[in-house]
Amino acid sequence: MTEIITSIFIIIGTFFIFVSSIGLVRLRDVYSRTHAGGKSSTLGVMSIMTGAVIFFIVTEEAFNFKLFLTIIFVFMTAPLAALAVTRSAYRTNVKMNDAAHMDELGDAMDVEREKERLKKLGKNYDYD
């Protein structure tokens, strides 16, 4: 029974990583690709690691804390890395896909640019 549950988690994780790789190849711009790579690969790696944790709990009758820490580490760092790549691409003016109709990050970036401009002028104005 353990092997079936472990296999299900590993197959689900492999499916998410496969979908992520297809998204990296097929999507049109860096923003969509980062989204595909960040979300689905995170779920895939976490699912595979969960399957490994279950396997070691049942077969060795011991909780493998390192695998659990790996799950937490991937859960916290992979989306932040994707966000950092996306924001750096936006700040360096990487072009969005022509089909994109909305620029939600533009407003936030405009506020940051205005704060920097006022800071250079020596004025302190809080937008929040």
Side-chain angles (χ1 to χ4, degrees):
M1 186 66 180
T2 304
E3 291 150 357
I4 294 172
I5 295 171
T6 303
S7 297
I8 288 172
F9 273 107
I10 291 174
I11 289 170
I12 289 171
T14 306
F15 172 74
F16 277 122
I17 291 174
F18 179 70
V19 168
S20 176
S21 64
I22 290 173
L24 288 174
V25 173
R26 298 280 300 172
L27 294 174
R28 296 181 180 164
D29 61 355
V30 69
Y31 307 104
S32 301
R33 289 178 182 159
T34 306
H35 181 74
K39 302 293 184 217
S40 29
S41 65
T42 301
L43 288 173
V45 170
M46 286 175 45
S47 179
I48 290 172
M49 290 294 155
T50 303
V53 166
I54 292 170
F55 178 77
F56 284 119
I57 284 175
V58 174
T59 58
E60 294 184 7
E61 297 177 358
F63 181 71
N64 194 335
F65 193 67
K66 290 178 185 177
L67 286 175
F68 183 69
L69 285 177
T70 304
I71 293 170
I72 293 172
F73 181 75
V74 168
F75 180 70
M76 294 181 71
T77 58
L80 291 175
L83 175 70
V85 169
T86 304
R87 290 193 92 169
S88 65
Y90 191 84
R91 286 182 176 168
T92 56
N93 298 322
V94 174
K95 190 174 184 294
M96 289 180 143
N97 185 10
D98 293 333
H101 299 290
M102 222 189 275
D103 184 11
E104 292 179 1
L105 190 56
D107 295 334
M109 295 298 288
D110 290 341
V111 170
E112 285 183 22
R113 288 185 189 119
E114 184 66 19
K115 283 183 180 179
E116 288 176 12
R117 187 182 71 77
L118 290 174
K119 193 174 189 180
K120 286 179 184 177
L121 293 173
K123 298 178 181 178
N124 187 11
Y125 185 79
D126 191 14
Y127 283 98
D128 297 329

Review point. Considering the options Ile10, Ile17, Ile12, which one meets the side chain to side chain contact (heavy atoms under 4.5 Å, CB included) requirement together with Thr14?
Key: Ile10
Study note, to complete from the structure: Here the pair of heavy atoms bringing Ile54 nearest to Phe9 is CD1-CE1, 3.4 Å
**Study point:** Interatomic spacing from OG in Ser21 to CZ in Arg26 - rounded to 0.5 Å
**Key:** 12.0 Å
Check your understanding: Of all heavy-atom pairs between Thr42 and Phe75, which one has the smallest distance, and what is that distance?
Key -> CG2-CA, 4.3 Å
Exercise for review: Check whether any side-chain heavy atom of Tyr31 sits under 4.5 Å from a side-chain heavy atom of Tyr90, and report yes or no.
Suggested key: yes
Check your understanding: Nearest heavy-atom pair of Gly13 and Ser47: which atoms, and what distance?
Key -> N-OG, 3.4 Å
Exercise for review: Say whether Ile5 and Ile11 are linked into one hydrophobic cluster, either directly or through other cluster members, by side-chain heavy-atom distances under 4.5 angstrom.
Suggested key: no
Review point. Which atoms form the tightest heavy-atom contact between Arg28 and Asn97, and what is the distance?
Key: CD-ND2, 3.2 Å
Point to revise | Path from Ile48 to Leu67 over hydrophobic side-chain contacts below 4.5 Å | key: yes
Exercise for review: First locate atom NZ of Lys39, then atom CG of Leu43, and finally report the distance between them rounded to the nearest 0.5 Å.
Suggested key: 9.0 Å
Check your understanding: Phe55, Ile71: one ILVMFWY side-chain cluster at the under-4.5 Å cut-off?
Key -> yes
Practice item. For residues Thr70 and Met49, report the shortest heavy-atom separation together with the two atoms involved. Key: CG2-SD, 4.1 Å
**Study point:** Straight-line distance of Leu24 CG to Ser40 OG, nearest 0.5 Å
**Key:** 7.5 Å
Check your understanding: With no hydrogens and no angle check, is any side-chain donor or acceptor of Ser20 less than 3.5 Å from a backbone partner on Phe16?
Key -> no
Review point. Can you name the closest pair of heavy atoms from Val30 and Thr34 and give their distance?
Key: O-OG1, 2.6 Å
Practice item. Please check if Phe65 and Phe56 belong to a single hydrophobic cluster, counting links between Ile, Leu, Val, Met, Phe, Trp and Tyr side chain heavy atoms closer than 4.5 Å. Key: yes
Point to revise | Contact check, side chains of Phe63 and Val53, non-hydrogen atoms, under 4.5 Å | key: yes
Exercise for review: Please answer: with hydrophobic residues joined when any side-chain heavy atoms are less than 4.5 Å apart, are Met46 and Leu80 in the same cluster?
Suggested key: no
